[in-house]
K.L.:
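Have a look at this one.
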Amino acid sequence: MYRHLERRLAVRLREFLLQRYPGATLPNIVIEPPPKVELGDFAIPVFPFAKSLRTAPLKIAETIRAEIGPIEGIAGMQVAPPGYLNVKIDRAWTALALAANQKAPTTAAVGKILVEHTSINPNKAAHIGHLRNAILGDTFVRLLRYAGREVDIQNYIDNTGVQVADVVVGFTHIEKKSRAEIESLASQPRFDYYCWDLYARVSQWYEQDKQNLQIRAQTLHGIEDAASETAAIAELISTAVLRRHIETMDRLDIEYDFLPRESEILHLHFWDAAFAKLKDAGVLTFETQGKNKGCWVMRRAGTGSTTENTGDTEELVKISEEDQKVIVRSNGTVGYVGKDIAYHMWKFGLLGRDFGYRKFYRYPNQHDCWISAMQGEKEHPHFGDVEEIYNVIDARQSEAQNTVIEALRGLGHNEAADHYTHFSYEMVALTPRCAVELGYKLSEEDKTRSYIEVSGRKGFGVKADDLLDQLIVSAKNEVDSRHPQLTETGRLSIATQIAVGALRYFMLKFTKQSVIAFDFKEALSFEGETGPYSQYAVVRATSIFKKAAADPDTFLRDSNISAADFERFLVGENADEFWELWLASAKTSYIVNQCISTTEPAYLAKHAFQLAQLFNAFYHRHPILSESDEKRKQFLLATVAVVRRELIRTLSIMGITVPPVM
RNA sequence: GGGCGCGUAGCUCAAACGGAUAGAGCACCGGAUUUCUAAUCCGGUGGUUGCAGGUUCGAUUCCUGCCGCGCCUACCA
């Protein structure tokens with residue numbers, strides 16, 4: 001609703017200014033929320049207009065105020081020095097629309113969006129860094145879907161790389177296990193934990209004797225031959241670990257539609273098709289000398305002119321050695337960036353090849369997750385060939401991501417390149433204290449750092465399932481003591497919802513570019529700016545209605561609070577404290593929009609917290625059920641119902657559900 | 001060396017697109033409701049936004065230079 005009004009205001013304002021000041025070039029119109037409610041609901045700084053309209057800011061503001069005429073949903077405007085035009089929303093009008101749960105007409109965006117996230121190497125258990133990725137990605141998917149977009153969720157599986165090879169080495173050369181033994185281990189409950197430890201041991205084994213690295217090379221080579229025993233073992237391990245990742249993420253309500261695997265990209269020769277096109281377009285050049293002699297290289301992203309050369313020479317600009325990114329090695333094999341280019345051409349439907357598809361995992365809600373295959377099933381959904389893509393990948397990979405984008409540009413697919421977004425975020429590290437708690441010995445230097453990077457290779461980190469288990473135990477203790485009369489399963493279910501809420505909120509409350517220094521004390525907190533705080537506000541709202549023997553949503557639908565009633569409680573002295581709740585409630589889709597256009601889900605967490613905070617203060621100040629003025633009681637109940645609805649809505653976009661009691 | 005990013009209260013973080021008195025949570029101190037359950041609420045302490053310049057009516061935000069920190073910079077994936 002707020003967003004709807006903002007757009008209406010912007011359009012009207014532009015129209016008015018163009019008509020009132022013909023010929024003037026208008027700067028971009030900025031409309032922002034004022035710092036305080038008393039000032040109004042929209043603030044328009046008019047300073048930027050002063051220059052182009054050659055008029056004093058206050059005069060422009062006054063002209064607009066006096067002459068723009070009535071706008072539906074807008075109650076009035078005020079000029080505020082030194083140069084703001086503050087706009088007040090028609091409160092009763094908005095409250096009526098909100099109470100009726102009226103959806104503002106949305107401009108239906110078309111075209112499918114592909115969001116890729118999680119993408120964990122299938123050789124060890126998922127850790128907290130992977131959780132941040134998956135939660136950011138999943139929340140972004142929910143944001144897009146809330147905004148009416150069609151989204152496919154993909155989780156890219158690198159099942160042929162060194163990381164998987166290392167675990168294969170661990171099983172076959174350190175533990176000397178047979179394929180049958182590995183198979184039996186892989187069916188054990190937390191096989192990914194087993195691999196986690198083994199992976200760390202393999203890394204040590206390499207360090208003990210560099211000769212051992214040759215085993216890795218052999219194994220890596222073996223994996224590429226689909227018919228080999230090594231490949232079969234790799235497939236067995238990676239599939240079992242992948243299944244564990246899917247299960248772990250399912251605990252957090254994170255689902256996928258399709259799991260494209262590198263093995264299929266390899267064996268279905270995606271690269272060959274891409275290679276031909278890249279050569280034709282001159283994106284790749286063959287090096288005949290220097291350290292990259294015999295390699296096909298391209299210009300590393302962000303190094304010098306990627307646009308057309310200024311024309312003095314037709315010759316290809318020589319790329320200096322250090323600006324070269326090797327795509328095809330001198331032995332003819334392709335590196336991962338090359339595979340990624342091919343894969344992204346497929347995503348945009350530019351490759352001319354497709355995967356085979358078969359079903360891999362069925363979620364409790366009957367939704368199927370598909371996986372790539374050499375020979376797929378006849379009937380399958382259509383993946384790829386999308387309009388836009390978002391890749392949720394941490395900031396360390398931004399150069400590689402940009403190189404893929406440059407390759408698309410080089411191929412002439414500028415539109416595709418423009419619709420390729422690297423959803424970049426910073427890593428999750430551990431505080432030194434946390435590392436010590438986990439039993440790691442720290443160097444003196446490490447102790448002074450504010451955070452320490454996790455390392456799967458060293459087995460250094462907090463596993464996703466462990467963290468979730470701890471959160472559940474901790475929440476369960478609280479629930480047990482608060483609700484001893486409930487059944488064990490009932491209490492566990494509540495504790496799980498709280499744990500998931502705490503975890504998802506925790507990962508979303510930081511902005512993307514902030515490194516999360518993970519600390520158990522903070523992550524396990526259920527007080528203050530946390531998920532449970534917001535969940536609790538909803539529980540309180542629900543409980544008011546329970547006591548009143550009414551359902552909040554039907555109450556809203558059937559309520560016959562008139563515009564005059566809303567006017568009475570929302571306008572005038574002391575009304576701002578109520579209006580703040582309605583105003584915040586009106587902002588959900590505005591916030592969603594902001595999250596999408598900035599690829600920043602953290603605003604959503606802030607919104608949930610603000611709603612909860614406003615509600616809790618309101619809850620404390622105003623007894624509702626004992627209110628003797630019937631009209632006022634109806635109004636207060638409506639306020640509770642609307643805030644509750646928007647809070648549930650916001651939390652659900654964050655993938656957080658609310659327990660019946662807490 | 002080059003590229004990207006960061007530096008805000010004791011700690012962890014906000015403040016999108018330059019805007020009004022830089023806000024939260026935690027911690028600390030002091031209070032509140034025999035209620036619609038205190039996983040709550042109210043108040044207080046706490047700031048030269050790393051430093052120095054510049055642009056602007058206006059800079060935490062943009063530019064330049066320093067200082068400090070992180071990540072990337074493999075014929076690994």
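Remember, it's a predicted structure, so these values are computed and weren't measured experimentally. Side-chain atoms are counted along with the backbone in the values below, which use heavy atoms only and exclude waters and symmetry mates. Each chain gets a letter, A, B and so on, in the order the sequences are listed, and its residues count up from 1.
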K.L.:
Report which part of the nucleic acid A:Lys606 touches: base, sugar-phosphate, or nothing (heavy-atom distance under 4.0 Å, all strands).
P.N.:
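Touches sugar-phosphate only.
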K.L.:
Calculate the interatomic distance between A:Gln535 atom CD and B:rU37 atom P; express it in whole Å.
P.N.:
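Going from A:Gln535 (CD) to B:rU37 (P), I get 18 Å.
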K.L.:
Output yes when at least one side-chain N/O atom of A:Lys51 is less than 4.0 Å from OP1 or OP2 of B:rU56, else no.
P.N.:
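Result: no.
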K.L.:
Looking only at atom C1', what distance separates B:rU12 and B:rG46, rounded to whole Å?
P.N.:
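Each nucleotide's C1' atom is 15 Å from the other's.
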K.L.:
With sequence neighbours left out, write down each residue that passes side-chain contact (heavy atoms from CB on, under 4.5 Å) with A:Gln610, or none if nothing qualifies.
P.N.:
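Counting only residues at least two positions away or on another chain, A:Gln610 forms a side-chain contact (heavy atoms from CB on, under 4.5 Å) with A:Ala584, A:Leu614.
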K.L.:
Tell me which of A:Ser398 and A:Pro532 sits closer to the 5' end of RNA chain B, going by the nucleotide each one is nearest to.
P.N.:
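Whichever sits nearer the 5' end wins; that is A:Ser398.
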K.L.:
Send over the distance from A:Leu636 CG to B:rC36 C1', rounded to a whole Å.
P.N.:
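It is 11 Å, rounded to the nearest whole Å.
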K.L.:
Look at the side chain of A:Lys291 and decide which nucleotide, out of B:rC75, B:rC13, B:rC36, has an atom nearest to it.
P.N.:
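The closest nucleotide is B:rC75.
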K.L.:
As a test of reading the structure: which of B:rC72, B:rC76, B:rC36 is closest to the side chain of A:Glu399, going by heavy atoms?
P.N.:
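Among B:rC72, B:rC76, B:rC36, the one nearest the side chain of A:Glu399 is B:rC72.
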K.L.:
Please report, rounded to the nearest Å, how far the C1' atom of B:rC71 is from the CZ atom of A:Arg132.
P.N.:
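Answer to the nearest Å: 14 Å.
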K.L.:
Which pairs pass salt bridge (Lys or Arg N to Asp or Glu O under 4.0 Å) with one or both residues in residues 604-613 of chain A, sequence neighbours excluded?
P.N.:
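Listed by first then second residue: A:Glu529-A:Lys606.
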K.L.:
With a 4.5 Å limit on heavy-atom distance, are the side chains of A:Met662 and A:Pro532 in contact?
P.N.:
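Yes, their side chains come closer than 4.5 Å.
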K.L.:
Please classify the nucleic acid contact of A:Arg482 as base, sugar-phosphate, or nothing, using heavy-atom distances under 4.0 Å.
P.N.:
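Base contact.
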K.L.:
Could you give the distance from CG (A:Leu85) to CG (A:Leu13), rounded to the nearest 0.5 Å?
P.N.:
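One finds 7.5 Å between CG of A:Leu85 and CG of A:Leu13.
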K.L.:
Whole Å only: how far is the CG atom of A:Asp323 from the C1' atom of B:rC72?
P.N.:
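Rounding to the nearest Å, CG of A:Asp323 and C1' of B:rC72 are 14 Å apart.
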K.L.:
Tell me the interatomic distance from A:Lys547, atom NZ, to B:rC36, atom C1', rounded to whole angstroms.
P.N.:
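Interatomic distance, NZ of A:Lys547 to C1' of B:rC36: 6 Å.
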K.L.:
Looking at every strand, decide which applies to A:Gly83 at a 4.0 Å heavy-atom threshold: base, sugar-phosphate, or nothing.
P.N.:
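Nothing: the residue A:Gly83, judged by heavy atoms under 4.0 Å, touches no strand.
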K.L.:
Just checking A:Leu220: base, sugar-phosphate only, or nothing, at a heavy-atom cut-off of under 4.0 Å?
P.N.:
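It contacts nothing in the nucleic acid.
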K.L.:
Distance check, C1' atoms only: B:rC57 and B:rC41, in whole angstrom units.
P.N.:
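Taking atom C1' in both B:rC57 and B:rC41, they lie 42 Å apart.
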K.L.:
If the P atom of B:rC69 is compared with that of B:rC75, how far apart are they to the nearest Å?
P.N.:
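That atom pair is separated by 28 Å.
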K.L.:
Under the rule for ring pair (Phe, Tyr, Trp, His ring centres under 6.0 Å), what residues qualify as partners of A:His607, not counting sequence neighbours?
P.N.:
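Applying ring pair (Phe, Tyr, Trp, His ring centres under 6.0 Å) to A:His607 gives none.
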K.L.:
Could you check whether A:Phe518 and A:Tyr451 have their ring centres less than 6.0 Å apart?
P.N.:
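No, the ring centres sit 6.0 Å or more apart.
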K.L.:
Can you check whether A:Tyr533 has a side-chain N or O nearer than 4.0 Å to OP1 or OP2 of B:rC41?
P.N.:
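Answer yes for this pair, as a side-chain N or O of A:Tyr533 is under 4.0 Å from OP1 or OP2.
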K.L.:
In which stems does RNA chain B show up, taking only runs of three or more Watson-Crick or G-U wobble pairs whose two distances fall under 3.5 Å?
P.N.:
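Stem list for RNA chain B: B:1-7 with B:67-73, B:10-13 with B:23-26, B:28-32 with B:40-44, B:50-54 with B:62-66.
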K.L.:
Between B:rG7 and B:rC62, how far apart are the P atoms? Round to whole Å, please.
P.N.:
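To the nearest whole Å, 10 Å.
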K.L.:
Could you work out, with ring pair (Phe, Tyr, Trp, His ring centres under 6.0 Å) as the rule, every residue matching A:Phe460, not counting sequence neighbours?
P.N.:
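Expected list: A:Tyr440.
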K.L.:
Starting from the 5' end of RNA chain B, give me the residue, A:Asn616 or A:Lys293, whose nearest nucleotide shows up first.
P.N.:
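Closest to the 5' end, via its nearest nucleotide, is A:Asn616.
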K.L.:
Whether A:Lys587 engages the ring of A:Tyr2 as a cation-pi pair (distance to the six-membered ring centre under 6.0 angstrom, angle to the ring normal within 45°) should be assessed.
P.N.:
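Output yes; distance and angle both within limits.
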K.L.:
Taking atom P of B:rG31 as reference, at what distance in whole Å does atom NE2 of A:His620 sit?
P.N.:
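Interatomic distance, NE2 of A:His620 to P of B:rG31: 16 Å.
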K.L.:
Identify each atom pair where a protein N or O and an N or O of nucleotides 43-45 of chain B are less than 3.5 Å apart, giving names and distance.
P.N.:
none

K.L.:
Return the value, rounded to whole Å, for the distance between atom CZ of A:Arg396 and atom P of B:rC76.
P.N.:
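The distance from CZ of A:Arg396 to P of B:rC76 comes to 20 Å, rounded to the nearest Å.
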K.L.:
Considering only atom P, compute the distance from B:rG65 to B:rC4 and round it to an integer number of Å.
P.N.:
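Result for the P pair: 12 Å, nearest Å.
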K.L.:
Name the nucleic acid region contacted by A:Lys633, choosing base, sugar-phosphate or nothing; use a 4.0 angstrom heavy-atom cut-off, strictly under.
P.N.:
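The residue A:Lys633 makes no contact with any strand.
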K.L.:
Nearest to the side chain of A:Glu453 - B:rC13, B:rC71, B:rC36?
P.N.:
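So the side chain of A:Glu453 is nearest to B:rC71.
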K.L.:
Can you list the residues that meet the ring pair (Phe, Tyr, Trp, His ring centres under 6.0 Å) rule with A:His622, with sequence neighbours excluded?
P.N.:
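Result, ring pair (Phe, Tyr, Trp, His ring centres under 6.0 Å) vs A:His622: A:Phe578, A:Phe618.
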K.L.:
Using the P atom in both, what is the distance from B:rU60 to B:rG18, to the nearest Å?
P.N.:
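The answer is 14 Å between these two P atoms.
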K.L.:
Under 4.0 angstrom, heavy atoms only, what part of the nucleic acid is A:Glu426 near: base, sugar-phosphate, or nothing?
P.N.:
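No contact.
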K.L.:
Can you name the ring pair (Phe, Tyr, Trp, His ring centres under 6.0 Å) partners of A:Tyr505, sequence neighbours left out?
P.N.:
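Listed in chain order: nothing, the list is empty.
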K.L.:
Reading nucleotides 16-26 of chain B from the 5' end, what letters show protein touch, with B for base, S for backbone sugar-phosphate only, - for no heavy atom under 4.0 Å?
P.N.:
B--BB---SSS
K.L.:
Tell me what A:Val515 touches on the nucleic acid: a base, only sugar-phosphate, or nothing, going by heavy atoms under 4.0 Å.
P.N.:
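Here A:Val515 touches the backbone only, sparing every base.
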K.L.:
Please name all residues satisfying side-chain contact (heavy atoms from CB on, under 4.5 Å) with A:Val297, sequence neighbours left out, ordered by chain then number.
P.N.:
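By the side-chain contact (heavy atoms from CB on, under 4.5 Å) rule, A:Val297 matches A:Thr285, A:Glu287, A:Asn292, A:Cys295, A:Gln324, A:Val326.
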K.L.:
Hey, is the side chain of A:Ser330 pairing donor to acceptor with the base of B:rC75 inside 3.5 Å?
P.N.:
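Check passes, donor-acceptor contact within cut-off.
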K.L.:
Does the Lys NZ or Arg CZ of A:Lys339 fall within the cation-pi geometry relative to A:Phe270 - under 6.0 Å from the ring centre and within 45° of the axis?
P.N.:
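No, a cation-pi geometry is absent between A:Lys339 and A:Phe270.
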K.L.:
Quick one: side-chain contact (heavy atoms from CB on, under 4.5 Å) partners of A:Ala638, sequence neighbours excluded?
P.N.:
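Counting only residues at least two positions away or on another chain, A:Ala638 forms a side-chain contact (heavy atoms from CB on, under 4.5 Å) with A:Phe555, A:Leu556, A:Ile561, A:Trp582.
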K.L.:
Evaluate the side-chain proximity of A:Arg216 to A:Val162: yes if any heavy-atom separation is below 4.5 Å, no if none is.
P.N.:
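Yes, at least one pair of side-chain atoms sits under 4.5 Å.
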K.L.:
Quick one: which residue pairs count as a salt bridge (Lys or Arg N to Asp or Glu O under 4.0 Å) with a foot in residues 31-52 of chain A, not counting sequence neighbours?
P.N.:
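Pairs touching residues 31-52 of chain A that pass the test: none.
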K.L.:
For atom P, what is the distance between B:rA16 and B:rA22, given to the nearest Å?
P.N.:
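It comes out at 15 Å once rounded to the nearest Å.
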K.L.:
Under 4.0 Å, heavy atoms only, any strand: does A:His622 hit a base, just the sugar-phosphate, or nothing?
P.N.:
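Base contact.
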K.L.:
Nearest-Å distance, CD1 (A:Ile498) to C1' (B:rA39)?
P.N.:
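Rounded to whole Å, this separation is 8 Å.
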K.L.:
Rounded to whole angstrom, note down the P distance from B:rA9 over to B:rG5.
P.N.:
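About 22 Å, rounded to a whole number of Å.
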